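Quick note on labels: first sequence line is chain A, next is B, and so on, each numbered from 1. Just so you know, these numbers come straight off a predicted model, no measurement behind them.
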2 protein chains.
Amino acid sequence: MHSVQEKSKEKKLNTFKDVCKQHNIKLTPQRLIIYETLLDHPEHPSTDMVYQCVRKTFPTISFDTVNRTLLTLHELGVANIIEGTGNPKRYDGNVVKHHHFQCVKCKRIIDVFYTEYNSLPIPQDIQEKHRVQDITVRLQGVCDQCRDRSGK
Amino acid sequence: MHSVQEKSKEKKLNTFKDVCKQHNIKLTPQRLIIYETLLDHPEHPSTDMVYQCVRKTFPTISFDTVNRTLLTLHELGVANIIEGTGNPKRYDGNVVKHHHFQCVKCKRIIDVFYTEYNSLPIPQDIQEKHRVQDITVRLQGVCDQCRDRSGK
DNA sequence: TTGTTTGCAAATACTTTGCATATGC
DNA sequence: GCATATGCAAAGTATTTGCAAACAA
């Protein structure tokens with residue numbers, strides 16, 4: 001399990017290097033470490049969470065660079081932006097199609113891999129009028145931890 | 001068509017008055033006009049859009065009151081909060097279950113009424129672990145207007 | 001070298017909080 | 001009359017922009 005993850009991480013980093021070349025953007029150490037950090041944190045960190053983590057090994061990095069880089073990663077298609085209700089943006093380095101469950105209490109985001117959600121039909125009227133590029137399902141509720149805590 | 005909408009608006013306003021009583025919150029003119037304005041604007045306005053509109057007939061109202069009232073409406077269950085990518089909250093006075101298509105270019109939000117989305121299955125692993133309260137489908141893409149404009 | 005990127009600082013956008021005054025019930 | 005709500009101001013949080021210096025290619 002661990003080695004599989006490591007392997008896929010290496011693979012992703014290599015892909016990332018290629019993507020940078022293709023888009024003519026420079027492969028700076030900041031970009032690399034930010035992307036790597038994102039891959040290491042599947043818990044959908046916010047910009048600040050990534051910043052705090054990257055700082056540990058790269059103390060001179062600015063929050064600003066982290067923020068811009070995460071947006072760049074999204075533009076490059078190697079990271080997704082997830083947004084909740086009234087919260088900062090959160091990022092996801094896993095671009096394989098999946099969905100999310102978010103806890104309304106602790107704001108935790110849990111990945112939902114469920115193939116049935118990946119082939120939902122598009123309503124005809126929408127389909128005919130607009131260009132639909134993506135469909136995601138968003139589950140909301142109370143996660144196990146919060147339910148246990150509150151006793152509800 | 002028009003009369004039906006008007007009728008349902010009256011009905012909603014009456015329901016709103018009841019809901020206020022039930023929750024022991026006061027029926028102020030501000031709250032009424034804000035809710036009414038939200039019902040009159042099915043295009044999912046932001047706080048500022050509602051504020052600009054209410055000001056026209058109620059010039060002394062503060063942005064602040066609009067903001068707090070919209071949050072109150074949401075707490076009362078008569079309005080939903082919709083959030084897009086990197087944008088301010090937007091509100092929806094239509095609490096009948098529905099979904100949204102958002103244009104990635106102009107950020108316009110279009111209602112999607114599609115019964116198939118209202119009874120999606122919940123993945124077993126999620127169902128067993130957490131308490132799922134709501135499922136919404138979010139379509140993203142380019143709307144007809146933006147597609148025409150860009151010629152793509 | 002050269003155009004991109006970084007780090008810093010300031011600005012902007014959006015939301016929230018504290019509090020005195022006003023007002024619905 | 002009393003508790004809640006409003007309006008204002010200020011603070012807080014998140015993000016964006018401008019620019020000189022640093023750096024990848």
Side-chain angles (χ1 to χ4, degrees), chain A residues 13 16-37 44-52 54-76 78-79 81-91 107 109, chain B residues 13 16-37 44-52 54-55 57-76 78-91 107 109:
Chain A
L13 285 173
F16 178 58
K17 290 172 190 172
D18 290 344
V19 169
C20 285
K21 270 185 199 164
Q22 282 165 28
H23 290 260
N24 279 317
I25 78 154
K26 289 173 184 168
L27 195 67
T28 62
Q30 288 92 334
R31 281 180 177 153
L32 257 181
I33 197 173
I34 289 167
Y35 182 57
E36 202 181 339
T37 301
H44 316 87
S46 64
T47 305
D48 194 57
M49 292 170 190
V50 175
Y51 172 56
Q52 297 303 341
V54 172
R55 273 177 89 170
K56 289 175 191 162
T57 50
F58 200 133
T60 60
I61 205 164
S62 73
F63 174 87
D64 200 42
T65 299
V66 176
N67 186 46
R68 275 181 302 192
T69 301
L70 287 169
L71 292 172
T72 304
L73 294 179
H74 179 238
E75 279 167 26
L76 293 174
V78 298
I81 299 178
I82 306 163
E83 282 184 275
T85 300
N87 290 302
K89 290 187 181 75
R90 289 170 65 174
Y91 294 87
K107 310 299 179 193
I109 297 168
Chain B
L13 285 173
F16 178 57
K17 290 172 190 173
D18 290 343
V19 169
C20 285
K21 270 185 200 165
Q22 281 164 30
H23 287 80
N24 278 315
I25 79 154
K26 290 171 185 172
L27 195 67
T28 62
Q30 288 93 334
R31 282 181 176 151
L32 256 182
I33 198 174
I34 289 168
Y35 182 56
E36 202 181 340
T37 302
H44 315 87
S46 64
T47 305
D48 194 57
M49 292 170 190
V50 175
Y51 172 56
Q52 297 303 340
V54 173
R55 273 178 88 169
T57 49
F58 199 134
T60 59
I61 204 164
S62 72
F63 175 87
D64 199 42
T65 299
V66 176
N67 186 45
R68 274 181 302 191
T69 300
L70 287 170
L71 292 173
T72 304
L73 294 179
H74 179 238
E75 279 167 26
L76 293 175
V78 298
N80 286 328
I81 299 177
I82 306 163
E83 283 184 274
T85 300
N87 289 302
K89 290 187 181 74
R90 288 169 66 172
Y91 295 86
K107 309 298 178 194
I109 297 168

Please tell me which of the listed nucleotides, C:dG7, D:dG7, D:dA5, lies nearest to the side chain of B:R31?
->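 Given the options C:dG7, D:dG7, D:dA5, the side chain of B:R31 is closest to D:dA5.
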Which one, C:dT15, D:dT6, C:dC25, comes nearest to the side chain of B:T65?
->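 Closest nucleotide to the B:T65 side chain: D:dT6.
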In the structure I gave you, are the side-chain heavy atoms of [X] and [Y] within less than 4.5 Å of one another anywhere?
X     : Y     : answer
A:H44 : A:M49 : no
A:R31 : A:T28 : yes
A:L32 : A:E36 : no

Salt bridge (Lys or Arg N to Asp or Glu O under 4.0 Å): which pairs involve residues 54-75 of chain A, sequence neighbours left out?
->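 For residues 54-75 of chain A, and leaving out neighbouring residues, the salt bridge (Lys or Arg N to Asp or Glu O under 4.0 Å) pairs sorted by first residue read A:D64-A:R68.
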Could you check B:V78, B:N80, B:I81 and say which one makes a side-chain contact (heavy atoms from CB on, under 4.5 Å) with B:L73?
->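 Among B:V78, B:N80, B:I81, the one meeting side-chain contact (heavy atoms from CB on, under 4.5 Å) with B:L73 is B:V78.
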Looking for any heavy atom pair under 4.0 Å, which part of the strands does B:I34 touch: base, sugar-phosphate only, or nothing?
->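 Contact class for B:I34: none.
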Run the numbers on A:L76 and A:I25 for side-chain contact (heavy atoms from CB on, under 4.5 Å), then give the verdict.
-> CA-CA 10 Å; A:L76 293 174; A:I25 78 154; 3.7 Å; yes
Protein N or O to nucleotides 21-23 of chain D N or O, pairs below 3.5 Å:
none

Rounded to whole Å, how long is the line connecting atom [atom1] of [X] with atom [atom2] of [N]?
X     : N      : atom1 : atom2 : result
B:Y91 : C:dC14 : OH    : P     : 12 Å
B:R90 : C:dC14 : CZ    : P     : 11 Å
A:K21 : C:dT4  : NZ    : P     : 18 Å
B:H23 : D:dA5  : NE2   : P     : 12 Å
A:I81 : D:dA14 : CD1   : P     : 16 Å
A:Y51 : D:dA14 : OH    : P     : 14 Å
A:L71 : D:dT16 : CG    : C1'   : 9 Å
B:F63 : D:dT6  : CZ    : P     : 15 Å

Partner set under side chain to side chain donor-acceptor pair (under 3.5 Å) for A:Q30, not counting sequence neighbours =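 Result, side chain to side chain donor-acceptor pair (under 3.5 Å) vs A:Q30: none returned.
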Sequence neighbours left out, what passes side chain to side chain donor-acceptor pair (under 3.5 Å) with A:T65? Give chain and number order.
->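 Partners of A:T65 under the side chain to side chain donor-acceptor pair (under 3.5 Å) test: A:S62.
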Residues that A:F58 engages under ring pair (Phe, Tyr, Trp, His ring centres under 6.0 Å), provided they are two or more places apart |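 If we apply the ring pair (Phe, Tyr, Trp, His ring centres under 6.0 Å) test to A:F58, skipping adjacent residues, there are no hits.
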Please name all residues satisfying ring pair (Phe, Tyr, Trp, His ring centres under 6.0 Å) with A:Y91, sequence neighbours left out, ordered by chain then number.
->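 Per chain and number, A:Y91 pairs via ring pair (Phe, Tyr, Trp, His ring centres under 6.0 Å) with no residue.
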Are there any protein N/O atoms within less than 3.5 Å of an N/O atom in nucleotides 8-11 of chain C, and if so, which ones and at what distance?
unit_1	atom_1	unit_2	atom_2	d
C:dC8	N4	A:D64	OD2	2.6

Ignoring backbone atoms, test whether B:Q30 places a side-chain nitrogen or oxygen under 4.0 Å from the OP1 or OP2 oxygen of C:dG24.
->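 For B:Q30, the contact criterion (side-chain N or O under 4.0 Å from OP1 or OP2 of C:dG24) is not met.
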Output yes when at least one side-chain N/O atom of B:T28 is less than 4.0 Å from OP1 or OP2 of D:dT6, else no.
->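 So the side chain of B:T28 is within the cut-off, an N or O lying under 4.0 Å from OP1 or OP2 of D:dT6.
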Could you list the residues that satisfy side-chain contact (heavy atoms from CB on, under 4.5 Å) with B:K21, not counting sequence neighbours?
->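 Partners of B:K21 by the side-chain contact (heavy atoms from CB on, under 4.5 Å) criterion come out as none, since no residue qualifies.
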Sequence neighbours left out, what passes side-chain contact (heavy atoms from CB on, under 4.5 Å) with A:T37? Give chain and number order.
->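 Only A:I33, A:H41, A:V50, A:C53, A:V54 meet the side-chain contact (heavy atoms from CB on, under 4.5 Å) criterion with A:T37.
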Using rotation axes that map the C1' atoms of four end pairs onto the next four (five pairs an end), what angle separates the end axes of the helix from C:dT1-D:dA25 to C:dC25-D:dG1, to 10°?
->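 About 40° separates the two local helix axes.
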Which sits closer to the 5' end of DNA chain D, A:I25 or B:I25, going by the nucleotide each is nearest to?
->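 Looking at DNA chain D, the more 5' nearest nucleotide goes with B:I25.
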